[in-house]
Each structure stands twice: as structure tokens, then as C-alpha cells.
Student: 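The following block contains the structure, expressed as C-alpha cells.
Atoms within each ligand, like the ligands themselves, are counted from 1 in listed order. In this chain, residues are counted from 1 in sequence order. Model, not experiment: these values are computed from the prediction.
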Amino acid sequence: MAQTPLLDMQDIDIAFGGVAALKRARLTVAAGEVHALIGQNGAGKSTLIKILTGAYRKSAGTIRFDGREIDFRTPKEAREAGISTIYQEINLVPFRSVAENIFLGREPRRFGLIDWKTVQRRASELLESFGLRIDVKKPVREFSTAIQQMVALARAVSSDAKMVIMDESTSSLDEREVELLFTVVRRLRDDGRAVIFVSHRLDELYALCDRVTVMRDGQTVAENAMQDMDKLKLVTTMLGRTLAAVVHEDSAVKEANLAKRGPVALAAQGLAAGAKVTDVSLDVHAGEAVGLAGLLGSGRTETMRLLFGADRPAKGALSIGGERAAFKSPKDAIARGVAYLTEDRKAEGIVPELSVRDNLTLVCLPALTKRGVVDVAKQREIVDGFIESLGIKLRSPDQPIRELSGGNQQKVLLARWLATHPRVLLLDEPTRGIDVGAKADVAKIVRELRDAGLAVLLSASELEELTAVADRAVVIRDGETVAQLDGAQMNETSIMDAIAYGAGERSALVEAVQSTARGSER
Ligand code: ADP
Ligand code: MG
């Protein structure tokens, strides 16, 4: 950037409850540019924006905006300084008219009174210049999200906002609406204003943005011209992996597993629910482990919840062992042999005050109970059996589970589900937050379960952990299945490639890698 940037945020820190959410984060944006701010869910994008706009207070760092150092204490101060923010939840007044919303607080007046005629005429003219012809006298709540976004943008355009921030504001729009919005964004840019554009839809960024800042784990990890970052580089930067770190997998073993797997145990066709899952198709055979890959926020957890009946799909079909399944609740799924280890061990998994014994038998307890009496001998047999077979380290089964290490808690939760004799095992991030030794144990257990004939579907944000265990991978992006990679075709590079390019395109890199691999096989 040649001239002084309009916005210069340096070394920004903030913590929530002692946990650092931003660590020396940076963001610089010039006037007249559309700047992409990207990163996986939880990377810190919204937090950085909230600090800029006075919604949160930073604990360290400096912010310069429009030539002076600033530290806004309220969103109002930021607005008055010329920063206009459009969140996903739009901050308009729903029952007021479109025209009122555009000029709220800045209404043109005649003889001290609001000149409604002028308000309406100017609002209509402004929206028409965006190609939008609507009745500006109607309340905004009567219009679609897309139009509400346009109204919010019109408000920014008509005010003297020097910077407009759009945080994930396209996530609920369809293609045509996005295109319309882009036209307005480009106009703002051509007016010499700056736009910060947060989106997880990579394709959009190339169509719109001039420069990009990538965040990961609360830090700024890359700042670049958009054209100097191809999609694969964006994805690897977001994930924090380099191509050099890609390990070679023993694909022969995976191929052999796939050759001897059983029939389809679980199949989903065109699943959709809400905004997070739009079109997921996958199947898992008995005796194979399938990795569900995708960025954080791509819809993996939401997909697993649908497969387990925790949420109900709006569209699509599900089958278990070749028979149609329509789960009304997890109870139905459990009855059909589906088990689900949730991603959030603390909130949804363990009951901290209960003993290991009670935690382990929580789901299978009804089967051990006759006329209100628990078969204690049978319960002990199950508990001792799993402690032994999974190598759970503890003092006593009567010990509260909270006293166990994360890895051992995870094994207890796994045992809880195995005690229900499932056919299908859904494991959401089973290796997250546990130590290296426990990770290896979990991987080994998953392989043994697969070899015993279970159908395993597992997710892991660490691609290395995913490819180590899975025989093949289903890749989802923005709630949609974009690729299926089998055995020899599945590795960290091909998964990242699918995340970056989706189903249609393939990078030259992967083509090259694969043709080399094919060549060496001959
Ligand atoms: P992004 O917008 O990139 O998805 P966020 O900025 O929303 O990420 O979140 C970054 C991190 O800060 C996350 O770990 C999130 O849980 C945490 N965080 C954000 N806001 C709060 C808050 N008000 N209280 C506690 N933690 C928060
Ligand atoms: Mg966010």
C-alpha cells in the first residue's frame, strides 16, 4: 500500500474469561479497496471488528483510523467517526419504513420538521440507483434479508461512512442477491470508501476483493493482494498447514480395507437443514472408517446431528442398513444402532459429578434395568470390560469422571456408546483436546472397531489425524458434499484441494501429484 492506510490496527489483544481470543492481531485497510477478512470459525474475525467498532474493548494494541489514533468506547462513537457495520443480524428498526431506516437520525428537515416527502424521494432514488424498485413507505420487516441488507448499505452510502464493514452478511443470500449486493459494494469502493468483507465463501472473495487478511487462532497469519493468494494457498493458510508438511499415507492398507468392507450401513442422500447443511450425501459401509472433512463451520457437526436424529432434516433421505430411516429423536437412532460421540465433551458429553461407572452406563442403563432395579453385576462386568479393553486409566470406577484426564474421559464416552452395541459410530472430533498418547489410543480403538465390522464416520480438524484413521474421505464445504476421496486418492493435499476448489475444478498440483503416483505404480 503506497499511501497511509485508512485503518491501521496493530498488535490487538483481547481475552475472554482468561482465554486469549486475539493475540497481536493486525488489520490494515486502504481507502478505495474491498478487503477480505477470512479465517475458520472462531479465528477472531468478528472479535477484531467488534473492537474496531467499540462493541468490545481491547486490552492492548493501537488503532489508527483516518489519520488519528482512536479507541471507540461505543458503537455510536464508531458510527459518528464514519464506520458503518452490517452484521448478519441486521441492525435496522423492523417496524419503521425503508425510507425512515435509511435516514434515521439524519432526516432532512423543513422549518424544523422532518420532511417526509424528501426522505421518501431520496430513499427511492438511492435504491433505484442500486437497481432496486420497492415501496420505501413499507416497513423493512416486510422485505427479504437481501433487501434489508441493501437498505443497510443504502444507509451507509447516504451517510458519510468512510468505511463499511460486512460481517458474513452474504451467508443467507442466494446467488442473484449476492450479485446485486456486490454491485453496491463496488460502487462504495469506486466512491473511495473502504469495505471490509468477511465471508467464508471463497468464490465470492475473488469476485469482489482487492486484498485479503487471513486470521487463525486469534492471530493475523497473512496479508496479501487477493490475486497473489490462490484458493489452495488461502485454505492451507486458514488451516495452518503447509504442503511441505503433508505426510505420505500408506494407501495400500486403506485400499485393502476398502476391498474387504461390508455392505452400506448408513446412507444419506441430499440432506438439508437450515443454512448450515444444504446438500449432503454420503455413505458409510460396515467395516470402513470414513473421514468427514471440511473447515470449521462447514457443517460437519450439523450433518452428524442430522444423522443421529438430534436435528431433523428439511430435505433428503437417510437409510440404515438399506432401510429408510426417519429419526424423530436420538432415541430412534440409538434403537437403530447409531451412536454419536459429540464434539463438545464438556457440555454435551460427560456428567462431571457422576462416577465413571454411571457415566459409562448412562445410555445402556435402561437395558440393564428390570422393574426399576439395576443389574449391578452386569453393570460391573460392562464397566470393567471397557476399562480393560480401552485402557482407561483411573483410580476406581466410583471416582467422579471430572477427575480423569481429557483422553480418559473421551474413552469413557466412547465406551458409553459401544455399550449400546452400535452398528454405526459417529465420532465428532474424537481426538480434539486430548494428549498425543490418548490420540494414538483413540486412533487404534477406531481401527479395531472398524475391523470388528462397525461403520465409522469421524471428523477431525487436524487433517493429519483424519487421514491417519480414515480409509476414505467425504469433503463438505458450506454444507454441501463437494468430493469423495477413496484410499489412494485421499491425502491431506487432495482434501485441502477439494475444500478450496470443490468438486468441479482440480488444481494442477493434485493432478501432478496423482499422475506421478500413477506413474510410479506401473
Ligand atoms: P470468527 O468471527 O472468526 O468466527 P470470533 O471473533 O467470533 O470468531 O471468535 C473468536 C474467539 O473468541 C472464539 O474462541 C470465541 O469463542 C471467542 N469469543 C468471542 N466473543 C466472545 C465473548 N463475548 N465471550 C467469550 N468468548 C468470546
Ligand atoms: Mg464471526
Side-chain angles (χ1 to χ4, degrees), residues 7 9-27 29 35-61 63 72-75 78 83-91 145 149 152 163-173 195-202 204-205 209 212-223 229 234-240 274-276 294-302 342-348 406 428-429 432-433 459 461-462 476-479 499:
L7 172 69
M9 300 178 79
Q10 291 292 336
D11 299 330
I12 308 293
D13 285 355
I14 191 173
F16 296 104
V19 181
L22 293 179
K23 292 164 269 185
R24 302 179 71 94
R26 296 187 312 272
L27 177 65
V29 180
H35 194 101
L37 181 60
I38 68 166
Q40 297 196 81
N41 265 8
K45 308 176 295 288
S46 295
T47 303
L48 191 60
I49 284 166
K50 284 179 180 159
I51 286 174
L52 170 62
T53 56
Y56 290 164
R57 304 299 306 277
K58 62 181 160 63
S59 60
I63 308 175
F72 301 128
R73 277 161 305 178
T74 63
I83 299 177
S84 172
T85 314
I86 300 165
Y87 291 103
Q88 207 167 348
E89 333 68 67
I90 306 155
N91 35 351
T145 315
Q149 304 244 357
M163 170 172 274
V164 178
I165 303 173
M166 303 176 71
D167 190 353
E168 305 260 6
S169 42
T170 54
S171 45
S172 54
L173 305 188
V195 179
I196 297 178
F197 188 75
V198 183
S199 172
H200 58 269
R201 296 187 186 171
L202 296 187
E204 289 180 2
L205 305 178
C209 302
V212 58
T213 292
V214 185
M215 296 191 69
R216 184 174 72 236
D217 294 338
Q219 290 179 302
T220 300
V221 290
E223 300 174 70
M229 292 284 272
L234 276 187
V235 171
T236 50
T237 313
M238 279 196 274
L239 284 167
K276 287 292 188 77
L295 294 174
L296 296 177
S298 58
R300 293 171 307 180
T301 295
E302 290 79 4
T342 61
E343 152 186 58
D344 196 344
R345 191 164 61 237
K346 290 220 175 66
E348 293 183 292
D428 199 358
E429 300 276 0
R432 178 147 87 197
S459 74
S461 291
E462 292 294 330
I476 64 173
R477 185 174 76 167
D478 288 339
I499 293 172

Student: For the aromatic rings, using the six-membered ring if either is Trp, is the centroid distance between Y56 and F16 under 6.0 Å?
Tutor: yes
Student: Does any N or O of ligand 1 fall below 3.5 Å from an N or O anywhere on K45, backbone included?
Tutor: yes
Student: Tell me, which protein residue and heavy-atom name are nearest atom 23 (N) of ligand 1, and how many Å apart are they?
Tutor: Y56 OH, 3.0 Å
Student: I'd like to check which ligand 1 atoms, numbered from 1 as shown, lie under 4.0 Å from a non-hydrogen atom of Q40.
Tutor: 3 (O)
Student: Got more than 12 heavy atoms from elsewhere within 6.0 Å of CZ, R24?
Tutor: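 Atom CZ in R24 is not crowded, with 12 or fewer foreign heavy atoms closer than 6.0 Å.
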Student: Please state which option from A20, A21, G42, A25 has its nearest heavy atom closest to atom 10 (C) of ligand 1.
Tutor: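 Heavy atom nearest to atom 10 (C) of ligand 1 belongs to G42.
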Student: Consider side chain to side chain contact (heavy atoms under 4.5 Å, CB included). Of L7, L52, I86, which one does I165 pass it with?
Tutor: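 The passing option is L52.
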Student: Measure from atom 27 (C) of ligand 1 to the protein's non-hydrogen atoms and state whether any distance is below 4.0 Å.
Tutor: yes
Student: K23 side chain to D217 main-chain N or O, any donor-acceptor pair under 3.5 Å?
Tutor: yes
Student: Side chain of Q219, backbone of A25: donor and acceptor closer than 3.5 Å?
Tutor: no
Student: The Mg ion (ligand 2) and N41: any N/O/S contact shorter than 2.8 Å?
Tutor: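 Given the 2.8 Å cut-off, N41 does not count as a ligand of the Mg ion (ligand 2).
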Student: Quick one: which ligand 1 atoms are inside 4.0 Å of a heavy atom on T47?
Tutor: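 The atoms of ligand 1 under 4.0 Å from a heavy atom of T47 are 5 (P), 6 (O), 9 (O), 10 (C), 12 (O), 19 (C).
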Student: Taking 4.0 angstrom as the limit and counting only heavy atoms of N41, give me the atoms of ligand 1 inside it, by number and element.
Tutor: 4 (O)
Student: Would you check if the side chain of T220 reaches a backbone N or O of R26 as a donor-acceptor pair within less than 3.5 Å?
Tutor: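 Present.
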Student: Without swapping roles, check the side chain of K45 against the backbone of Q40 for a donor-acceptor pair under 3.5 Å.
Tutor: yes
Student: Would you verify that at least one protein heavy atom lies under 4.0 Å from atom 6 (O) of ligand 1, or report that none does?
Tutor: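 Under 4.0 Å from atom 6 (O) of ligand 1, at least one protein heavy atom found.
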Student: Considering distance alone, does some N or O of A43 sit under 3.5 Å from an N or O of ligand 1?
Tutor: yes
